[in-house]
Amino acid sequence: MSQSLLKAVGLLDCFHSKSELSLIELVEMSQLPKTTVFRLVLSLEEAGLLVRVKRSSHDVKYRMGLKLLELGNRVSEQLEYRKIALPYMKRLNEKLNELVHMVAIEGNEAVYVEKLDSSKPVRLVIKVGKRSPLYAGSGPKMLLASMDDAVLNNYLEQLEIQAITENTITSKEALLEEIAKIRERGYSVSKAEHFKDTVGFSFPIKNYNGTTLAALGISIPITDYSKDKEEVIIEEIRKTAQHISTLLGYSG
């Protein structure tokens, strides 16, 4: 991690003891050179993480900015939807005895933020915290399809696709066609695109303003797949994702 970033975080930590601090106080508490503190404070102020409080030319202090509150609310919202979703994920897992997972976007990747394993001897194992490109797997593709077009286009402009399995989508044209299909039917399907010999299905979890917070999905061994089973799984995920979204304030 960048040393400047670590030092900036250290400056923010100084505000645990006092709500407002001067440059001199920040220098004393951080034990950093005055020029370093001044440079970091300017950057933090520009980012909205610190706010200057000027009572006079000789009385200038800094306090934490509302941008930190906004970021904190985002983290809190993420924790809240996981907390709300978990009991319903457990019911889904118990009913179908299949791997149930939830993924969310972080940067340009999908991250598995929750999962409940199947008890079957042959099963996919995913660790919480595992990352995936947004173009491979049912959950990641569901998140990709939920992006605003401007954000999606920016992502695609920078995207360099690498095949993970022989079924991974490897062209942007094919990926755009897949996104159109997902948006039309409202859910995503992956057939061994990210994990070999695995079929996955995912639906969006939305909040009160219709923003997709995460994707709820089920993955099964391809040897267990049948069209009838697919229909059952899709209906069960749909109902569960819809119920969780309703609890989060979504009324669409």
Side chains of residues 138-150: which donor-acceptor pairs under 3.5 Å do they make with residues two or more places apart or in other chains?
from	atom 1	to	atom 2	distance (Å)
Ser138	OG	Phe201	N	3.4
Ser138	OG	Ser202	OG	2.8
Lys141	NZ	Glu178	OE2	2.7
Lys141	NZ	Val189	O	2.7
Lys141	NZ	Glu193	OE1	3.0
Lys141	NZ	Glu193	OE2	2.9
Ser146	OG	Met142	O	2.8
Ser146	OG	Thr212	OG1	3.3
Asp149	OD1	Arg183	NH1	3.0
Asp149	OD1	Arg183	NH2	3.2

Legend entry - N/O donor-acceptor pair under 3.5 Å between Ser132 side chain and Ala136 backbone: yes
Inset, instruction - Taking Arg82 for its side chain and Glu114 for its backbone only, find out whether a donor-acceptor pair lies under 3.5 Å. - result: no
Legend entry - Distance-minimising heavy-atom pair for His194 and Ser190: N-OG, 4.3 Å
Legend entry - Partners meeting side-chain contact (heavy atoms from CB on, under 4.5 Å) with Thr198 (sequence neighbours left out): Leu124, Phe195, Ser219
Inset, instruction - Return the set of residues passing side-chain contact (heavy atoms from CB on, under 4.5 Å) with Thr35 (not counting sequence neighbours), or none when no residue passes. - result: Pro33
Inset, instruction - List, by chain and number, the other hydrophobic cluster members for Val128, where Ile, Leu, Val, Met, Phe, Trp and Tyr join if side-chain heavy atoms come within less than 4.5 Å, directly or indirectly. - result: none
Inset, instruction - State which residues pass ring pair (Phe, Tyr, Trp, His ring centres under 6.0 Å) with Tyr250; sequence neighbours excluded, sorted by chain then number. - result: none
Please list, one pair per line, the donor and acceptor atoms closer than 3.5 Å that link side chains of residues 19-28 to other protein atoms, with sequence neighbours excluded.
from	atom 1	to	atom 2	distance (Å)
Glu20	OE1	Arg55	NH1	3.1
Glu20	OE1	Arg55	NH2	3.0
Glu20	OE2	Arg55	NH2	3.3
Ser22	OG	Glu25	N	3.2
Ser22	OG	Glu25	OE1	3.4
Glu25	OE1	Ser22	N	2.8
Glu25	OE2	Lys18	NZ	2.8

Inset, instruction - Decide yes or no for Asp224 and Lys229: does some side-chain heavy atom of the first lie under 4.5 Å from some side-chain heavy atom of the second? - result: yes
If we ignore angles and hydrogens, is there a donor and acceptor under 3.5 Å between the side chains of [X] and [Y]?
{"X": "Asn154", "Y": "Gln158", "answer": "yes"}
{"X": "Thr223", "Y": "Asp197", "answer": "no"}
{"X": "Thr211", "Y": "Asn209", "answer": "yes"}

Inset, instruction - Tell me whether Ile233 is reachable from Ile182 by hopping between hydrophobic residues (I, L, V, M, F, W, Y) whose side-chain heavy atoms are closer than 4.5 Å. - result: no
Inset, instruction - Identify whether Val51 and Leu49 are in the same connected component of the hydrophobic contact network (ILVMFWY, side-chain heavy atoms under 4.5 Å). - result: no
Inset, instruction - Could you tell me whether Arg238 and Glu235 make a salt bridge, using a distance below 4.0 angstrom between a side-chain N and a carboxylate O? - result: yes
